[in-house]
Amino acid sequence: MPVPKPMERKQAAYSNLDERYAIQGEKYQGQQYSHIYFTRLHHMRNLLHALVPSWKPQLPVTTVLGLEEGKDCIIVGTLYKHMKLKPSILDEYAKERSAIPLVKPHNFMHPDDHLILEDESGRVTLAGAIPPAAFVTGVVVALHGKETSAGNFLVEDVLEAGLPPQTALSSAAEDKYVVFVSGLSVGSDTFNPLQFQLLIDHVTGHLGDENEQSIASNIVRVVVAGNSVHISPRFVNGQTVASKDQSRIAEPIKELDIMLTQLVASLPVDMMPGCHDPANFSLPQQPLHRCLFSGASTYNTFSSCSNPHQFELDSVQFLGTSGQNIDDLYKYSDAKDKLEFMERTLRWRHLAPTAPNSLGCYPYTDKDPFLVESCPHVYFVGNQDKYETRLLEGPEKQKVRLISIPRFSESGVAVMLNLRNLECSTLSFSTSFDA
């Protein structure tokens, strides 16, 4: 019987671009969040002012303070969404003292919600052609309209910054794949070790016939997009942990490390933190400490990355998060699907517009790292309810592959992207056996 020829795994040139999300040399000295809004408004206003002449060249641009009743003009500022149902710390306090628990809705929208535009000079309530459901606090826009006798600004048209410029994609001659997986939740009730082992065996080429193994040899990287471990909430509520329970906290991390070690022995892996992982809570989440992965971190193929995570692979630009930014938009605005929320963040040129208002983030004083300055070719978001994908095309020939990655522990689905043509497919691992 002929001995099968060993297959060689393909390689791809990789560069990590997470530097902008690193909190190094930053000193927290009790600073407020106003700085991040000023920085955002300053940067976005310059962009929007450059777009106004081709949008409405005949109209003057003014400030909120310079508005004149009945006079058509353009104002640029940050939106604030006044929401009746938005949770407040006072409600939280009342809830603690109340005998009847308050119902927590999954979405805080209400028909009475309204938008306010704010710049350095003042703020004005908006009316007219700007639907509150489609916007959130923190988005910077240019508005065409006029001040009414009631002191509101009647909006006739809205200008968003639009998709940022994109570097051209060089044509690749061969298939190379990146596998995305998120929401492994090792240690939770929904985690199925066999399912994860099947994924590992497939990616490392230990499963399937020769054809499947040759496809697996074209996988050049695995990206793990957050929420990889599940630590029981009773261990993370600020109480002292009994010594007998300390080892139980570490168990899911040890199990994850054993499984990751199998992966990194075969190919490069990027590890991103999520909201349930042992990392800092506020964005940008810093890389998980390498000491958590005593086995995997001995390999140079293991990269612990930040969330958001930005990298380049064979000239294809990737940008992704573990899902917090999109989940927060889902609470405070409305869209037909998660991909539309992703689309909006690109058109607003901001990854997390609701930070710091309703999404925790570091209080930067001189920058806003979530501004999207160049358009990625692939934009992915982890820990979603289901797999969805779409190719977004911009007015200047930008093409972005949007990917919503489902939670693996619930769906058994990982996502495979071809670097050659940005086409997506799923890897589905089911371990239920029908009688």
Side-chain angles (χ1 to χ4, degrees), residues 177-204 206-207 216 219 221-233 235-236 248-279 281 285 287-297 299 301-309 320-324 326-327 338 380-387 403-417 426-432:
Y177 300 102
V178 180
V179 169
F180 297 96
V181 63
S182 79
L184 295 169
S185 292
V186 178
S188 72
D189 296 339
T190 53
F191 174 65
N192 183 334
L194 176 57
Q195 223 167 21
F196 189 24
Q197 189 63 54
L198 286 171
L199 170 66
I200 292 168
D201 288 347
H202 175 79
V203 169
T204 54
H206 291 99
L207 261 193
I219 298 171
R221 199 165 207 95
V222 173
V223 177
V224 184
N227 290 357
S228 302
V229 293
H230 175 86
I231 295 165
S232 174
F235 295 138
V236 285
R248 290 175 67 183
I249 296 176
E251 269 166 24
I253 299 166
K254 283 181 181 166
E255 192 175 345
L256 175 66
D257 181 44
I258 289 164
M259 299 185 111
L260 277 179
T261 306
Q262 297 176 52
L263 268 179
V264 295
S266 181
L267 81 166
V269 174
D270 282 1
M271 187 78 188
M272 293 165 62
C275 60
H276 298 317
D277 289 322
F281 170 76
Q285 286 186 292
L288 292 163
H289 203 288
R290 291 177 73 88
C291 73
L292 294 170
F293 307 102
S294 53
S297 61
Y299 291 81
T301 45
F302 175 75
S303 299
S304 190
C305 307
S306 64
N307 169 35
H309 180 31
T321 73
S322 296
Q324 293 100 313
I326 299 303
D327 293 344
K338 294 291 180 78
F380 62 92
V381 167
N383 298 295
Q384 298 307 302
D385 296 332
K386 59 180 179 183
Y387 163 69
I403 310 171
S404 156
I405 310 162
R407 289 180 279 271
F408 187 79
S409 63
E410 293 167 16
S411 64
V413 170
V415 181
M416 195 150 96
L417 172 102
T426 56
L427 295 170
S428 190
F429 300 92
S430 174
T431 55
S432 57

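Residue indices begin at 1 and follow the sequence shown.
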Under the side-chain contact (heavy atoms from CB on, under 4.5 Å) criterion, do I200 and M259 qualify, and how do the steps go?
-> CA-CA 8 Å; I200 292 168; M259 299 185 111; 3.6 Å; yes
I219 and V178: side-chain contact (heavy atoms from CB on, under 4.5 Å), yes or no, with the steps?
-> CA-CA 6 Å; I219 298 171; V178 180; over 6 Å; no
Carefully, step by step, assess V179 and L427 under the rule side-chain contact (heavy atoms from CB on, under 4.5 Å).
-> CA-CA 9 Å; V179 169; L427 295 170; 4.1 Å; yes
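Of the inter-residue distances, the one linking M272 atom CE with N307 atom CG reads 4.5 Å to the nearest 0.5 angstrom. Separation of atoms OG (S182) and CZ (F408) is listed at 10.0 Å; rounding is to 0.5 Å. The distance from atom CZ of R407 to atom OG of S409, rounded to the nearest 0.5 Å, is 7.5 Å. Atoms CD1 and CD1, from I253 and I258 in turn, are 12.5 Å apart once rounded to the nearest 0.5 Å. Annotation: the span from K338 atom NZ to Y387 atom OH amounts to 16.0 Å, rounded to 0.5 Å.
When only modelled atom types and interatomic distance are considered, T190 and S188 share a side-chain donor-acceptor pair under 3.5 Å. When only modelled atom types and interatomic distance are considered, Q324 and N383 share no side-chain donor-acceptor pair under 3.5 Å.
A donor-acceptor pair under 3.5 Å links the side-chain atoms of T301 to the main chain of V264, judged by distance alone. Judged by distance alone, the side chain of Q384 and the main-chain N or O of I405 form no donor-acceptor pair under 3.5 Å. Panel note: side chain S303, backbone C305; no donor-acceptor pair is recorded below 3.5 Å. Under a 3.5 Å cut-off, the side chain of S304 and the backbone N or O of P287 do not form any donor-acceptor pair. Although no hydrogens or angles enter the test, the distance criterion places no donor-acceptor pair under 3.5 Å between the side chain of D277 and the main chain of A279. Between the side chain of T426 and the backbone N or O of S428 there is no donor-acceptor pair closer than 3.5 Å. A donor-acceptor pair under 3.5 Å is absent between the side-chain atoms of N227 and the main chain of S185, judged by distance alone.
What you find for Q262 and T204 is that their closest heavy atoms are O-CG2, 3.8 Å. Taking each heavy atom of P273 and Q285 in turn, the nearest pair found is O-OE1, 3.4 Å. Shortest non-hydrogen contact noted between R290 and F302 is NH1-O, 3.4 Å. A225 approaches T321 most closely through the heavy-atom pair CB-O, 4.5 Å. Closest approach of F293 to M271, counting heavy atoms only: CZ-CE, 4.1 Å.
Below 30°, between 30° and 60°, or above 60°: for F196 and F191 the angle between ring planes is above 60°, a perpendicular geometry. The aromatic rings of F380 and F180 sit tilted relative to each other, their planes meeting at an angle between 30° and 60°.
Of the residues listed (L184, V224, L292), the one engaging L256 in a side chain to side chain contact (heavy atoms under 4.5 Å, CB included) is L184, and it is the only one.
Evaluation of the salt bridge (Lys or Arg N to Asp or Glu O under 4.0 Å) test over residues 254-273, restricted to residues two or more places apart or in two chains, returns R221-D270.
You'll find the side chain of L267 reaches within 4.5 Å of the side chain of V203, heavy atoms only. Between T261 and Y299, some side-chain heavy-atom pair lies under the 4.5 Å cut-off. Between S228 and V186, every side-chain heavy-atom pair lies at or beyond the 4.5 Å cut-off.
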